[in-house]
Amino acid sequence: SRPFLGSFSTYAMALTSSAFTLIAPASHAPQETSLKLRGSAGAAALAESSTASVDGLCLCSTSFAAAAALGWSRRKARPRTVSRRSWAKGRNLVGTNTAETSNDPPAGKRISILGSTGSIGTQTLDICRQFPGMFTVVALAAGKNVKLLLEQIKEFKPLMVACDESKLEELKAGVQSLGLDYEPELLAGSQGQIEVARHPECKTVVTGIVGCAGLIPTIEAIKARKDIALANKETIIAGGPVIAPLIEEYGVSMLPVDSEHSAIFQCLQGVPKGGVKKIILTGSGGTFRDMSVEDMRKEDPEVLRQRSTTHPNWDMGAKITVDSSTMMNKGLEVIEAHWLYGVDYDQIEVVIHPQSIVHSAIECQDTAVLMQTGWPDMRLPILYALSHPARVPADLPNPRDGRNFDDWWIGDGKDGKLTFGKPDLEKYPAIRLAYKAGRIGGTMPAILSAANEQAVELLLTKEIDFLEIPVVLEAVMDRAEEEKKVVEVPNLDEIVEADRWGREVATEAAKKMKATA
């Protein structure tokens, strides 16, 4: 008896209104044999029955007696001329654990963008440009880059625009010179960001502001019942204790734009609750991946400073690129994963993946590991966050060389290769510090995140060296514990205060370190 595996290269099943006919291939019997089941009742019995074998063919049947009772008859089959056109095209034979039955893309979805002139903001507008009609930009918030902001206003015609307070008059003059056929509302400062985030016509807010500055606008957007496309990891890292209950209270969604968390979110589609054993965050290792700690200590600090702002695979802003070089970005993503997916820190692992092709993975309870792969390109995570649950047909070639991903499979040169390894925590102490902050909880992640932002700024302004960043961060965390500055269950004001304190103490620690050097 052979098991019926449902492979239609081996067995063919033709279904009509009156009968099932199962045909065994010649390799399974010396003489082709078929059995015919007459009537709809017999068809139902076939669908629900167990297995038995006839002439080498295993059928779904309890016994020949039962088959005969249902009107089965054995007959010599016709010559092998049975039409198989009904299976000429593939069928979806596999069910999926999703309620979605349509892949219809959004139409005219209205979005606001916080940080429109930054890396995430400009790439979001690239998506809007590439998919006209799917997304409508209703509001933009930027900083001091008025020239680029004016270009965005001219092209996308937002109803509301905000900029840095010091640039508001320049923005007003620039908008006047554009000769628009409408008059956008122009705002400035943090209040302007809040108004953009909660614009009444907006459905989804893309939070592309770097650092903790995006926390309050994000909270106000949630309170206005706007969905969040989260590109600002510091918001959830610092504000997780406040934002998590707000998401539930106001019934909005928060979809990750960060490439690693978008990858995890994509891998989770179809996985039942409780099916995940571990989250695996991948990171390239940054620009110093192939440099030993000893060589880094011997290198000219100015060379390290310059190299730390250049990433081997991704095109990102200066702050995020430095975070990649220290791998603090991965440490912060560990905390982010804890909040986004409700997993314990012991279930979150960081691995080095130099090629940046696998953007992250999950390990299921049955040991299956699901990975999301593609070019190192933020446009796909942005598109998926804005169009979820649809998979929009897109052409997103490698942003660095214009190649399609089909080329990668060929395996020429560096293509077609995937390697992984565990991070060296002596080289990347920021990962250890992030795990520690996450496990302490409360306001400690906010303190660490703020101290890190300040330390990176001090690096870029040449007030500290690259290898001094983790020294500053550890000093801030130690002082927070010594002075009992960590609030276990904070409110928003306490999180804002923790952010302020972390920046202040990071600056003090840097000055003290230089004074004693």
Side-chain angles (χ1 to χ4, degrees), residues 106-129 131 134-143 149 152-153 156-164 184-240 242-259 261-262 265 336 339-340 378-379 381-389 492:
K109 186 174 188 177
R110 294 176 173 266
I111 66 172
S112 293
I113 303 174
L114 300 176
S116 69
T117 58
S119 176
I120 293 296
T122 55
Q123 290 180 88
T124 300
L125 292 173
D126 283 344
I127 291 296
C128 295
R129 189 178 295 116
F131 298 96
M134 286 192 193
F135 310 108
T136 300
V137 178
V138 298
L140 297 174
L149 181 58
Q152 295 173 347
I153 294 170
F156 294 98
K157 296 180 170 53
L159 301 176
M160 179 183 288
V161 181
C163 68
D164 186 271
E185 184 176 359
L186 304 180
L187 304 170
S190 57
Q191 189 60 39
Q193 293 176 347
I194 289 172
E195 296 305 322
V196 166
R198 64 186 183 191
H199 191 283
E201 293 194 27
C202 156
K203 168 64 176 172
T204 298
V205 182
V206 180
T207 61
I209 296 177
V210 175
C212 212
L215 174 58
I216 293 177
T218 301
I219 288 175
E220 292 302 316
I222 293 170
K223 289 180 177 179
R225 300 188 186 278
K226 310 299 181 184
D227 292 333
I228 307 299
L230 182 69
N232 175 303
K233 62 170 62 72
E234 291 85 359
T235 292
I236 194 72
I237 291 160
V242 171
I243 286 178
L246 287 177
I247 291 286
E248 184 175 345
E249 178 182 351
Y250 288 93
V252 300
S253 66
M254 176 175 278
L255 300 184
V257 170
D258 201 4
S259 62
H261 288 293
S262 175
F265 179 64
E336 189 179 7
W339 283 110
L340 288 176
M378 287 303 302
R379 291 174 299 169
I382 293 168
L383 175 60
Y384 190 64
L386 293 178
S387 62
H388 177 266
L492 179 58

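When a residue number appears, it is its place in the shown sequence, counting from 1. What you see is a predicted model; the values in this text were computed from it and never measured.
The two atoms that bring Ala385 and Pro256 nearest to each other are CB-O, 4.0 Å, heavy atoms only. Nearest heavy-atom pair across Ala221 and Ile228 is CB-CD1, 3.8 Å. Closest non-hydrogen pair, Cys163 versus Leu149, comes out as CB-CD2, 4.1 Å. In terms of heavy atoms, Pro217 sits closest to Leu114 at CB-CD1, 3.8 Å. When all heavy atoms of Ala162 and Val196 are compared, the closest pair comes out as CB-CG2, 3.9 Å. Among all heavy-atom pairs drawn from Cys128 and Val137, the shortest one is SG-CG2, 3.9 Å.
Here CG of Leu255 is found 13.0 Å from CD1 of Ile382. Values are rounded to the nearest 0.5 Å. A distance of 7.0 Å separates CD1 of Ile247 from CD1 of Ile236, quoted to the nearest 0.5 Å. Note that CD1 of Ile222 is 10.0 Å distant from OG of Ser253, once rounded to the nearest 0.5 Å. Leu246 contributes atom CG, which lies 6.5 Å from atom NZ of Lys223 (distance to the nearest 0.5 angstrom). Here Met160 contributes atom CE and Leu186 contributes atom CG; the two are 10.0 Å apart, rounded to the nearest 0.5 Å. Summarising the geometry, atom CD1 belonging to Ile111 is positioned 12.5 Å from atom CE belonging to Met134; distances are rounded to the nearest 0.5 Å.
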**Message:** Does Glu234 form a side chain to side chain contact (heavy atoms under 4.5 Å, CB included) with Leu215? I'd like the steps, not just the answer.
**Reply:** CA-CA 8 Å; Glu234 291 85 359; Leu215 174 58; over 6 Å; no

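Not counting sequence neighbours, the partners of Ala224 by the side-chain contact (heavy atoms from CB on, under 4.5 Å) test are Arg198, Lys226. With sequence neighbours excluded, no residue forms a side chain to side chain donor-acceptor pair (under 3.5 Å) with Lys109. Taking the side-chain contact (heavy atoms from CB on, under 4.5 Å) definition, one finds that Leu159 meets it with His199, Glu201, sequence neighbours left out. Listed by chain and number, the residues in a side chain to side chain donor-acceptor pair (under 3.5 Å) with Thr124 amount to none (sequence neighbours excluded). Partners of Pro381 under the side-chain contact (heavy atoms from CB on, under 4.5 Å) rule, at least two apart in sequence or in another chain, are Ser259, Ser262, Met378. Annotation: side chain to side chain donor-acceptor pair (under 3.5 Å) contacts of Thr218 (sequence neighbours excluded): none.
Remark: side-chain polar atoms of Arg225 are paired, donor with acceptor, to backbone N or O of Tyr250 under 3.5 angstrom. Using a distance-only test at 3.5 Å, with no hydrogens or angles considered, no donor-acceptor pair links the side chain of Thr117 to the main chain of Ala142. Formation of a donor-acceptor pair under 3.5 Å by the Glu220 side chain with backbone atoms of Ile216 is not found in this model.
Counting only heavy atoms from C-beta outward, the side chains of Phe131 and Leu386 never approach each other to under 4.5 Å. Looking at heavy atoms from C-beta onward, Leu187 lies out of side-chain contact with Val161 at the 4.5 angstrom threshold. Taking 4.5 Å as the limit, every side-chain heavy atom of Ile113 sits out of range of all side-chain heavy atoms of Gln152. Within the 4.5 Å cutoff, the side chain of Pro184 has no heavy atoms near those of the Leu140 side chain. At a threshold of 4.5 Å between non-hydrogen side-chain atoms, the residues Phe135 and Leu383 count as touching. The shortest distance between side-chain heavy atoms of Ile120 and Val206 falls below 4.5 Å.
Crowding of Glu249 atom CD: a count of heavy atoms from other residues, nucleotides or ligands under 6.0 Å exceeding 12.
Tested against Leu230 for a side-chain contact (heavy atoms from CB on, under 4.5 Å), the candidates Thr235, Val205, Val257 yield a single pass: Thr235.
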